Amino acid sequence: MVRGKTQMRRIENATNRQVTFSKRRNGLLKKAFELSVLCEAEVALIIFSSTGKLCEFASSSMQATVERFQRHTRVTHHLERSLPHHHDQADQAANLLKEIESLEDSKRKLLGQGLGSSSYEELQQIEQQLQSSLAHVRATKHEAYKEQIDQLKEKEKYLAAENEKLAKKMK
């Protein structure tokens, strides 16, 4: 069975329009999910129905993806406006944008996300970074415990002295 070509115009029948919206929305959500899984793409999809109902999909955090999009469009818009006048600044901004993307990618990998495309060497490097960070956190925590113990010992001495004064007053 061959489907006919659908004319791109508003569907007049409200019931048919709602059914078509639901089916196409579900298909679009499925495609967004597949794209995110198969290609490890960061996907965010926001749909508002004609009644104002929100439907959204995000392969990671919706807020983080939207913020990333806003940063990217802000820099791109700025680059487009200033390109004829400030070519060096535009290059610098583009390089900074690439660096931000690289840092975000590194952060995701340190959080254990998006590791599928990493080589064995990269995974070893990430593991070493995590072990080093963990050792630093443990050392900092140990120092905090030592400081807390010292403070408690000082408080103990103070309270023992106060207790001794009160005991002498009672006699």
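Just the heavy atoms: all of them, side chains too, but no hydrogens, waters or symmetry mates, feed the values below. The model shown is predicted, which means the values in this text are computed figures rather than measured ones.
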Taking C-beta and beyond as the side chain, do [X] and [Y] meet within less than 4.5 Å on heavy atoms?
X      : Y      : result
Lys168 : Lys165 : no
Phe21  : Ile47  : yes
Gln92  : Asn95  : no

Listed pairs under 3.5 Å, donor-acceptor, residues 8-15 side chains, sequence neighbours left out:
from: Arg9; atom 1: NE; to: Gln7; atom 2: OE1; distance (Å): 2.9
from: Arg10; atom 1: NH1; to: Glu12; atom 2: OE1; distance (Å): 3.4
from: Asn13; atom 1: OD1; to: Thr15; atom 2: N; distance (Å): 2.9
from: Asn13; atom 1: OD1; to: Asn16; atom 2: N; distance (Å): 3.2

Who clusters with Val19? Use side-chain heavy atoms, under 4.5 angstrom, across I, L, V, M, F, W and Y, and order the result by chain and number.
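None; Val19 is a cluster of one.
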If you link ILVMFWY side chains whenever their heavy atoms are less than 4.5 Å apart, which other residues fall into the same cluster as Ile100? By chain and number, please.
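None; Ile100 is a cluster of one.
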Distance, nearest 0.5 Å, that separates [atom1] of [X] from [atom2] of [Y]:
X      : Y      : atom1 : atom2 : result
Glu154 : Leu152 : CD    : CG    : 10.5 Å
Arg138 : Ser133 : CZ    : OG    : 11.5 Å
Gln131 : Ile126 : CD    : CD1   : 12.5 Å
Thr65  : Phe57  : OG1   : CZ    : 9.5 Å

Please indicate whether Glu156 has more than 12 foreign heavy atoms, meaning atoms of other residues, nucleotides or ligands, lying under 6.0 Å from its CD.
no
When you group the ILVMFWY residues by side-chain heavy-atom contacts below 4.5 Å and let the links chain together, are Leu54 and Leu28 in the same group?
no
Is there a path from Leu130 to Leu123 through hydrophobic residues (I, L, V, M, F, W, Y) whose side chains come within less than 4.5 Å of each other?
yes
Going by salt bridge (charged side-chain N to carboxylate O under 4.0 Å, His left out), name the residues that satisfy it together with [X], two or more places apart in sequence or in a different chain.
X      : value
Glu104 : Arg68, Arg71
Lys155 : none
Glu143 : none

Between Met62 and Ile46, what is the shortest heavy-atom contact and its length?
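Here Met62 and Ile46 meet closest at CE-CG1, 3.9 Å.
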Partners of Tyr120 by side chain to side chain donor-acceptor pair (under 3.5 Å), sequence neighbours excluded?
Gln124
Please name all residues satisfying side chain to side chain donor-acceptor pair (under 3.5 Å) with Gln63, sequence neighbours left out, ordered by chain then number.
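Applying side chain to side chain donor-acceptor pair (under 3.5 Å) to Gln63 gives Glu67.
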Between Glu42 and Ser59, do the side chains contain a donor N or O and an acceptor N or O under 3.5 Å apart?
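Absent: no donor and acceptor within the cut-off.
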Pairs satisfying salt bridge (charged side-chain N to carboxylate O under 4.0 Å, His left out), at least one member in residues 124-136, at least two apart:
none
Show me the pairs that pass salt bridge (charged side-chain N to carboxylate O under 4.0 Å, His left out) and involve residues 48-58, at least two apart or across chains.
none
Could you give all pairs that pass the side-chain hydrogen bond (donor to acceptor under 3.5 Å, both in side chains) test and reach residues 17-28, with sequence neighbours left out?
Gln18-Ser22
Please determine if Lys109 and Asp105 form a salt bridge, counting it only when a charged side-chain N lies under 4.0 Å from a carboxylate O.
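Counted as a salt bridge, because a side-chain N and a carboxylate O are separated by less than 4.0 Å.
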Distance-only check: which donor-acceptor pairs under 3.5 Å involve side-chain atoms of residues 29-39, not counting sequence neighbours?
from: Ser36; atom 1: OG; to: Phe33; atom 2: O; distance (Å): 2.7

Please assess Ser132 against Gln129 for the test side chain to side chain contact (heavy atoms under 4.5 Å, CB included), listing each intermediate value before the final yes or no.
CA-CA 5 Å; Ser132 172; Gln129 286 175 335; 5.7 Å; no
